[in-house]
Amino acid sequence: MKQPIAWIDDVHMLTVNFDACALNIHEMNLPVVYWKDKDQSIPITGKQFVNDQTVHFFYEKELPLGETLFLQWKELEIPIYAGKIVRTPWFEKHYTAPDAQLGAICSKHSTMFTVWAPTATKVQVIINTAKYPMNRKEKGIWTITIPGDWHGYMYEFEVAVNGKVHQVIDPYAKSSLANTKSGVVVDFSRTFRKIENRPFKGNLQDAIIYELSVRDATINNDSGISNKGKFLGLTEKNTKTKNGYSTGLDYLIELGVTHVELLPINDFARVDELNPKMNYNWGYDPLLYQVPEGSYATCTNDPIKRIDECKRMIHAFHEVGIAIIIDVVFNHVFIKETIEETNFEKLVPGYYFRFHENGMLANSSGCGNDFASERIMARKFILDTVDFWLTEYKVDGFRFDLMGILDIDTMIEIRNRCLQEKTPIMLLGEGWDMPTPLSPEKKATMNNSHNLKGIRFFNDYFRDTLKGGLFNAFERGYANGYGTFFERLPALISGCCLEKFGNPVVSEPTQTVNYVECHDNHTLWDRLALTNNDEPAHIRKKMHQIATGITILAQGVPFIHGGQEWFRTKSGVENSYNAGDHINELNWLKREEELANIEYVKALIKLRKNYKHFRLQTKEDILWCLYILNTPPPIFGYILLGNEEDFVIYINPTNQKYQIHLPTSSRWQIMVSNQMEIYNERYFDGEFMEIHPFEFIVLLKPVII
């Protein structure tokens with residue numbers, strides 16, 4: 001006969017399922033709760049039959065958690081474990097410790113180990129093979145200070161909870177052995193310390209973000225980089241192709257971007273760290289959030305080296321004036337089969353993840369679980385991790401994967417923590433509304449942008465307007481559809497925040513991240529191959545240039561996918577998360593072939609950086625500065641007024657030439673065009689001009705006082 005279990009599901013309620021017992025539970029008297037260590041009995045005051053096998057028992061006294069309890073019922077002695085109680089407000093009030101310093105705090109003289117496990121009956125720390133019983137404190141904290149120098153030693157926790165004993169890697173571990181085999185104690189005073197002060201001092205609206213993967217950026221045979229696929233590969237200077245063209249860090253300096261956003265660099269699954277060439281993965285399978293990924297280190301089994309090399313990479317970027325945003329995946333954790341294999345579930349079963357009312361695990365992430373960011377200790381873990389990367393690694397921002405799964409209060413606390421830094425910290429994320437069991441008003445979605453000031457959102461309306469809807473691979477947009485969605489252009493170029501141009505996507509111009517491609521889905525070039533395969537390549541390139549031009553110069557923060565500026569292709573693979581280096585690597589020979597387009601993108605970046613017209617910070621500034629011009633649709637034109645110069649931008653998404661009546665008769669300077677080769681001079685006089693097929697052009701007129 002299988003042993004039934006009594007679950008504490010509420011403050012005064014146990015649930016027992018007797019489906020494996022050959023007993024007539026309707027005829028049995030009320031049991032009692034026996035508290036073994038205190039030798040106390042707690043009476044059951046009532047019962048309720050849910051069905052023929054399941055019973056709720058009620059009692060008046062609150063049961064202690066983390067103690068050995070039994071339900072005594074005639075000849076049965078049923079163990080009592082914490083069930084749904086861990087997801088109640090009562091538990092949050094009595095058993096959480098938001099101010100505790102968790103993890104292994106190491107010095108040359110001792111290490112203090114602290115873990116939160118309120119429902120555990122026993123916890124030990126294992127250092128190498130030696131076990132040290134930990135002491136239970138208030139609020140579910142277990143701790144022990146062990147004399148000696150433990151820097152670089154392996155450690156784990158052994159946790160007895162709900163009748164099982166688990167070996168658990170500390171979620172707060174700061175390094176690990178290869179393939180996440182064990183946590184490692186780290187004294188950070190003995191790691192690389194020379195990290196430059198954060199380089200970005202201006203307003204975040206001045207940022208230009210470039211998305212990059214550590215591996216993709218350096219792995220290509222033509223990169224001229226020695227440490228291919230490694231953190232150190234992005235520290236190398238004077239790297240070139242065989243023909244002498246800059247690559248890696250030097251290339252990014254020349255391009256002129258202000259921020260590099262790195263795909264996840266913390267410890268992740270599905271790549272064999274001992275033989276990384278055998279596997280490929282973007283890194284959205286998080287394991288240890290405060291540990292740098294081992295496959296990016298030159299010596300995977302050296303737990304300190306991966307820390308030092310990650311720091312050296314960030315230092316190298318800071319040294320040349322580029323800020324670093326790291327991609328963080330707090331919406332889910334990696335599981336192979338079940339949630340029970342995760343460190344979080346082993347420590348506090350049922351607490352760290354969201355469940356539906358029917359008891360089923362939530363899975364809006366599509367990865368088998370949704371992290372319950374709204375719970376105090378889950379939120380604490382996220383905040384502590386953000387704080388750690390800010391403090392120890394000096395990162396400059398965070399990109400939140402599937403941010404809409406997280407709750408608003410957590411994101412506000414993250415923002416408030418980042419505001420404590422002396423330099424501005426970039427916060428951006430995917431604000432999609434996912435079907436996670438959290439009320440709509442609590443989700444960190446674009447719909448709630450008014451409650452998330454200071455946090456930016458990837459603007460899918462912007463993306464889909466320019467190249468067609470994501471979920472219809474053959475739909476065309478403005479850039480590739482001869483002006484389709486022309487009516488949306490005023491909203492796009494004004495930051496998607498003004499009511500006069502339709503329903504706002506975000507509340508402020510400082511909340512939109514404008515993009516047409518990223519690591520997800522088809523690159524823009526591959527999308528054009530689907531939607532415009534009847535067009536020759538030189539026409540598709542002009543369409544590509546139009547989309548990129550609008551992205552860089554529209555109000556908001558522009559986001560460029562690595563290689564977008566040389567028409568990056570992934571050979572048509574839409575979801576390349578595990579497709580291998582031959583699909584994902586940056587092809588540095590393409591960088592040689594597309595010099596003209598790279599110069600066009602560099603000119604757009606330089607223009608945006610030099611003139612505040614393109615990076616306005618308030619709705620009021622945009623309303624004063626921006627005027628939509630009267631042009632023959634689908635030609636789109638607008639003017640940006642300034643104190644010393646005005647800019648006029650015209651876009652022609654068609655294969656016809658048009659004559660344009662300029663706002664005034666004046667001397668005009670051609671600042672940027674994707675067809676500069678057409679013009680013999682950079683200046684012309686008058687009030688009329690011709691705009692060529694598929695042209696994106698920016699004109700400057702000095703203000704005459």
Side-chain angles (χ1 to χ4, degrees), residues 461-468 475-496 498 500-502 514 516 524 528 531-532 534-536 538-555 597 600 603-604 607-608 613-614 622 625-641 646-666 668-679 682-701:
Y461 181 80
F462 188 102
R463 176 199 67 200
D464 293 351
T465 294
L466 291 183
K467 68 176 184 180
E475 182 179 80
R476 300 183 181 191
Y478 180 79
N480 60 338
Y482 294 86
T484 299
F485 303 133
F486 165 81
E487 71 284 357
R488 298 185 186 179
L489 265 291
L492 260 62
I493 57 97
S494 63
C496 290
L498 299 178
K500 68 179 290 186
F501 296 136
N514 302 326
V516 287
L524 178 56
L528 293 175
T531 59
N532 299 80
D534 54 336
E535 307 278 4
H538 74 276
I539 296 297
R540 282 184 272 131
K541 286 184 177 181
K542 289 182 170 62
M543 294 174 173
H544 196 289
Q545 290 164 343
I546 286 173
T548 299
I550 296 172
T551 300
I552 294 175
L553 295 189
Q555 301 301 325
N597 195 60
Y600 166 69
L604 290 166
L607 183 68
R608 186 180 189 277
H613 303 63
F614 303 102
I622 295 172
C625 185
L626 170 68
Y627 288 87
I628 307 301
L629 296 173
N630 186 17
T631 54
I635 305 302
F636 185 75
Y638 64 100
I639 188 167
L640 293 169
L641 301 176
D646 298 336
F647 286 95
V648 172
I649 296 92
Y650 287 108
I651 310 160
N652 180 5
T654 76
N655 58 6
Q656 303 296 315
K657 183 185 295 185
Y658 285 81
Q659 187 174 59
I660 298 297
H661 189 180
L662 294 163
T664 60
S665 179
S666 183
W668 297 91
Q669 180 180 356
I670 302 171
M671 300 298 289
V672 178
S673 170
N674 65 333
Q675 300 180 49
M676 284 300 295
E677 68 277 5
I678 293 174
Y679 301 98
R682 295 292 295 259
Y683 294 89
F684 68 92
D685 297 306
E687 58 180 311
F688 292 95
M689 66 167 283
E690 285 188 333
I691 184 167
H692 301 88
F694 303 108
E695 184 173 14
F696 181 96
I697 188 168
V698 182
L699 307 174
L700 179 149
K701 178 182 75 68

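These numbers come from a predicted model, not from an experiment. Numbering starts at 1 and runs along the sequence shown.
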Can you sort out the partners of Tyr679 under ring pair (Phe, Tyr, Trp, His ring centres under 6.0 Å), two or more places apart, ordered by chain and number?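 Once residues adjacent in sequence are excluded, the partners of Tyr679 under the ring pair (Phe, Tyr, Trp, His ring centres under 6.0 Å) criterion are His692.
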Does Tyr638 have any ring pair (Phe, Tyr, Trp, His ring centres under 6.0 Å) partners at least two apart in sequence or in another chain, and if so, which?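 Partners of Tyr638 under the ring pair (Phe, Tyr, Trp, His ring centres under 6.0 Å) test: Phe636.
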Kindly give the heavy-atom pair with the smallest separation between [X] and [Y], and that separation in Å.
| X | Y | result |
| --- | --- | --- |
| Ala479 | Ile546 | CB-CG2, 4.1 Å |
| Ile493 | Ala554 | CA-CB, 3.9 Å |
| Thr531 | Glu475 | CG2-O, 3.4 Å |
| Pro634 | Thr654 | CG-CG2, 3.5 Å |
| Asn480 | Lys467 | ND2-O, 3.3 Å |
| Leu662 | Gly686 | CD1-O, 4.0 Å |

4.5 Å side-chain heavy-atom contact, [X] and [Y]:
| X | Y | result |
| --- | --- | --- |
| Phe694 | Met543 | yes |
| Leu607 | Leu553 | yes |
| Leu699 | Ile670 | yes |
| Ile651 | Ile550 | yes |
| Val648 | Pro663 | yes |
| Ile628 | Phe501 | yes |
| Tyr600 | Gln545 | yes |
| Leu492 | Tyr478 | no |

Rounded distance (nearest 0.5 Å) linking atom [atom1] of [X] with atom [atom2] of [Y]:
| X | Y | atom1 | atom2 | result |
| --- | --- | --- | --- | --- |
| Leu524 | Arg540 | CG | CZ | 11.0 Å |
| Trp668 | Leu700 | CH2 | CG | 8.5 Å |
| His613 | Ile649 | NE2 | CD1 | 9.0 Å |
| Leu604 | Met671 | CG | CE | 11.0 Å |

Qualifying residues under salt bridge (charged side-chain N to carboxylate O under 4.0 Å, His left out), relative to Asp646, sequence neighbours excluded: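 So Asp646 forms a salt bridge (charged side-chain N to carboxylate O under 4.0 Å, His left out) with Lys701.
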Among residues at least two apart in sequence or on other chains, which ones pass salt bridge (charged side-chain N to carboxylate O under 4.0 Å, His left out) with Arg463?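 Arg463 satisfies salt bridge (charged side-chain N to carboxylate O under 4.0 Å, His left out) with no residue once adjacent residues are dropped.
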Please report the C-alpha distance between Phe647 and Phe614 in whole Å, then the side-chain angles of each, then the deciding distance to 0.1 Å, and finally whether the side chain to side chain contact (heavy atoms under 4.5 Å, CB included) criterion is met. CA-CA 10 Å; Phe647 286 95; Phe614 303 102; 3.8 Å; yes
Side chain to side chain contact (heavy atoms under 4.5 Å, CB included) between Gln555 and Leu640, intermediate numbers included: CA-CA 11 Å; Gln555 301 301 325; Leu640 293 169; 4.1 Å; yes
Sequence neighbours left out, what pairs pass salt bridge (charged side-chain N to carboxylate O under 4.0 Å, His left out) with at least one residue falling in residues 649-661?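 Only Lys657-Glu690 qualify under salt bridge (charged side-chain N to carboxylate O under 4.0 Å, His left out).
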Would you tabulate the side-chain donor-acceptor contacts of residues 482-490 under 3.5 Å, counting partners in other chains and residues two or more places apart, or write 'none'?
from	atom 1	to	atom 2	distance (Å)
Tyr482	OH	Glu535	OE2	2.4
Thr484	OG1	Gly481	O	2.9
Arg488	NH1	Thr465	OG1	3.0

Is the number of heavy atoms from other residues, nucleotides or ligands within 6.0 Å of CG (Asn630) greater than 12?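 12 or below, so no.
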Between Gln675 and Glu677, is a side chain to side chain contact (heavy atoms under 4.5 Å, CB included) present by the stated rule, with each step listed? CA-CA 5 Å; Gln675 300 180 49; Glu677 68 277 5; 4.0 Å; yes
Where do Met689 and Phe684 land on the side chain to side chain contact (heavy atoms under 4.5 Å, CB included) test, with the steps shown first? CA-CA 9 Å; Met689 66 167 283; Phe684 68 92; 4.0 Å; yes
